[in-house]
Amino acid sequence: MAPVVKGELSDAEQKLMDTILKDGVQEVAALLKEPSVRVDCLDQTGMTPLQHAAFRGKTELCRLLLDHGADVNSDYHDNNYSTLHFAALSGNPEVTSMILEAGAKVDHINSVNRTAAQMAAFVGQHQCVRVINNFFPKQELERFTVPQGFEKEPKLPKHLLQPVLKLINLSTVHPVKVAMFLKENRELALEAYKVAKVLDIIVEESMKSRETNDPRAVKCHYFATIVRLANKSLKNSEDTLDAFLKSLVKGRDSDGFPETQERLIRQALKEFPYAESQLLQQLVRQIAPVKIVTYCNQTCQKLHWPTHKKFCKKMAAKMQEADLSENGGDAESIKQAGSDEDAGSGGEDAGSGGEDAGSGGEDAGSGGEALAASSGDGSEKVSTEAQGKTDSTADAVLESEAATS
């Protein structure tokens, strides 16, 4: 096959490039079937169709081109930018992850000696930086699926390779989100001993290598802790992780604070075997009370509902009105009860119910909550100020995501 030359495009290839700029997925799919179209053809600057799609953050186009065998490590660009460079600069974490999973080289540098992660950080695409820095290549995990030395069986069964790889590459470390992932991949909890053992080896290698990788080590140790706890919650091989999930979202009776999550995080930090880790010390210093709780989806919100309905001011007011109505109370007694509650809440609004009449407004009181619908994905957020002075580590869950980048 003749070598690819920059700028030498057939009419169909030029049309392909133009169509990618317009995001025409169906038309691109049809053009790729043309015999005169090379999937890795180059424009005048040395960019391939895949690089153009990645630079514009076109997820479906990138998937289509990769399915047609596009070279993810094409190295013909004038300034030596790789496909991963373009994906990271696009600001689309999904495209960046897709390019990484296709085998992109993380350490490839451009003409100014910058990697994709460094260029993304320079332009403020921190989500893509996090994806690249957290990425664990499949090749490094495959070695555990082959017996080593005198081993009669591999450390990791082959059917667990893909689920473990997805677990390690999760972009979130929230305990509930991780537990929901384990519920969807229950085999990880059933084979907890083998999964956790592999994660422990990765932790050791990350901390004992010439260039230590603290984020990877802390993250894998944290996941190993959750996998072991999930396994303990299974009563038999047919059991689900519903009980484990509910225990994580259940709040204490006094203020609804998720104590189980706090204990889990404290346990993971306490058991991390490398106390000299700078990231570990940073996480310990950042332990603080929870102020924001974010529901990732409706399933997550439903799990938290038994606790939320007890401490949401709007729900509490409605329940109180319902109770008073059942007991024969008139409208004046209901109104007076609401005023008394506001007067004793320590700084809440003096109006009826102590709530802001606007949508999603937050109360000024120390225990107020506000339910606000987000902009179109069906998810909802609840802002919650923790009562009392009890220390908590749940914020470290969210802070550790930023720390890993």
Side-chain angles (χ1 to χ4, degrees), residues 1-25 27-139 169 405:
M1 184 176 180
V4 181
V5 180
K6 295 180 182 180
E8 291 189 2
L9 301 174
S10 66
D11 292 340
E13 288 172 341
Q14 184 61 56
K15 188 176 181 180
L16 173 67
M17 292 289 191
D18 296 338
T19 306
I20 288 176
L21 302 182
K22 299 175 183 177
D23 197 21
V25 178
E27 192 173 352
V28 168
L31 287 169
L32 288 172
K33 298 178 181 179
E34 296 286 337
S36 61
V37 172
R38 298 161 296 175
V39 70
D40 290 320
C41 58
L42 305 175
D43 65 8
Q44 292 181 346
T45 63
M47 288 181 66
T48 66
L50 177 61
Q51 290 175 343
H52 276 290
F55 187 44
R56 286 159 180 79
K58 306 298 184 182
T59 306
E60 293 303 320
L61 282 176
C62 288
R63 183 176 290 111
L64 176 63
L65 290 164
L66 287 171
D67 289 343
H68 280 77
D71 183 7
V72 75
N73 288 310
S74 178
D75 190 19
Y76 294 99
H77 187 258
D78 288 347
N79 295 317
N80 209 28
Y81 278 67
S82 68
T83 308
L84 184 58
H85 276 94
F86 289 117
L89 291 171
S90 75
N92 188 327
E94 186 177 358
V95 169
T96 304
S97 179
M98 185 187 305
I99 297 301
L100 285 167
E101 291 172 1
K105 297 177 181 178
V106 177
D107 55 356
H108 180 90
I109 58 175
N110 59 11
S111 58
V112 292
N113 296 320
R114 294 292 184 269
T115 64
Q118 291 170 334
M119 290 302 300
F122 180 74
V123 299
Q125 303 293 6
H126 300 296
Q127 283 187 316
C128 293
V129 175
R130 182 188 305 164
V131 170
I132 296 173
N133 289 343
N134 286 337
F135 181 72
F136 190 85
K138 183 178 180 180
Q139 294 80 0
N169 285 325
S405 62

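Note: hydrogens, waters and symmetry copies are ignored here, and every other heavy atom, side chains too, is used.
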Residues Met17, Leu21; criterion side chain to side chain contact (heavy atoms under 4.5 Å, CB included); working and verdict: CA-CA 7 Å; Met17 292 289 191; Leu21 302 182; 6.0 Å; no
Given side chain to side chain contact (heavy atoms under 4.5 Å, CB included), test Leu32 with Leu64 step by step and report yes or no. CA-CA 9 Å; Leu32 288 172; Leu64 176 63; 4.0 Å; yes
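Annotation: the span from Glu13 atom CD to Glu34 atom CD amounts to 10.5 Å, rounded to 0.5 Å. Remark: Tyr81 OH to Met47 CE distance equals 11.0 Å, nearest 0.5 Å. Annotation: the span from Glu101 atom CD to Ile99 atom CD1 amounts to 10.0 Å, rounded to 0.5 Å. Between the CG atom in Leu50 and the CD1 atom in Ile20 there is a gap of 8.5 Å [rounded to 0.5 Å]. With rounding to the nearest 0.5 Å, the separation of CZ in Phe135 from CG in Leu84 is 9.5 Å. If you take CG on Leu66 and CG on Leu61, they are separated by 11.0 Å, rounding to the nearest 0.5 Å.
Nearest approach of Ser36 to Ser10, heavy atoms of both residues: O-OG, 3.2 Å. Nearest heavy atom pair, residue Cys128 against residue Ala87, reads SG-O, 4.2 Å. Considering all non-hydrogen atoms of both residues, Ala120 and Val129 come closest at CB-CG2, 3.6 Å. Pairing each heavy atom of Phe55 with each of Leu89, the nearest pair is CE1-CB, 4.2 Å. Met98 and Thr59 get closest at one heavy-atom pair: CE-CG2, 3.5 Å. For the pair Gln51 and Gly46, the tightest heavy-atom approach, listed with the atom from each and the gap, is OE1-O, 3.7 Å.
In terms of modelled atom types and a separation under 3.5 Å, the side chain of Thr19 and the main chain of Glu27 share no donor-acceptor contact. At distances below 3.5 Å, at least one donor-acceptor pair connects side-chain atoms of His85 with backbone N or O atoms of Ser82. Judged by distance alone, with hydrogens and angles left aside, the side-chain atoms of Thr83 form a donor-acceptor pair with the main-chain N or O of Val72 at under 3.5 Å. In this structure a side-chain-to-backbone donor-acceptor pair under 3.5 Å is present from Thr96 to Asn92. Although no hydrogens or angles enter the test, the distance criterion places no donor-acceptor pair under 3.5 Å between the side chain of Asp40 and the main chain of Ala70.
Among Thr115, Asn73, Asn80, the one residue that satisfies the side-chain contact (heavy atoms from CB on, under 4.5 Å) test with His108 is Asn80. Results of the side-chain contact (heavy atoms from CB on, under 4.5 Å) test with His68 over Val39, Val37, Val28 single out Val39 as the only residue that passes.
A salt bridge is defined here as a Lys NZ or Arg NE, NH1 or NH2 lying under 4.0 Å from an Asp or Glu carboxylate O, and Asp78 with Lys6 meets this definition. Taking 4.0 Å as the cut-off between side-chain N and carboxylate O, Glu8 and Arg38 do not count as a salt-bridged pair.
The neighbour count for Gln127 CD, taken as heavy atoms of other residues, nucleotides or ligands under 6.0 Å away, does not exceed 12.
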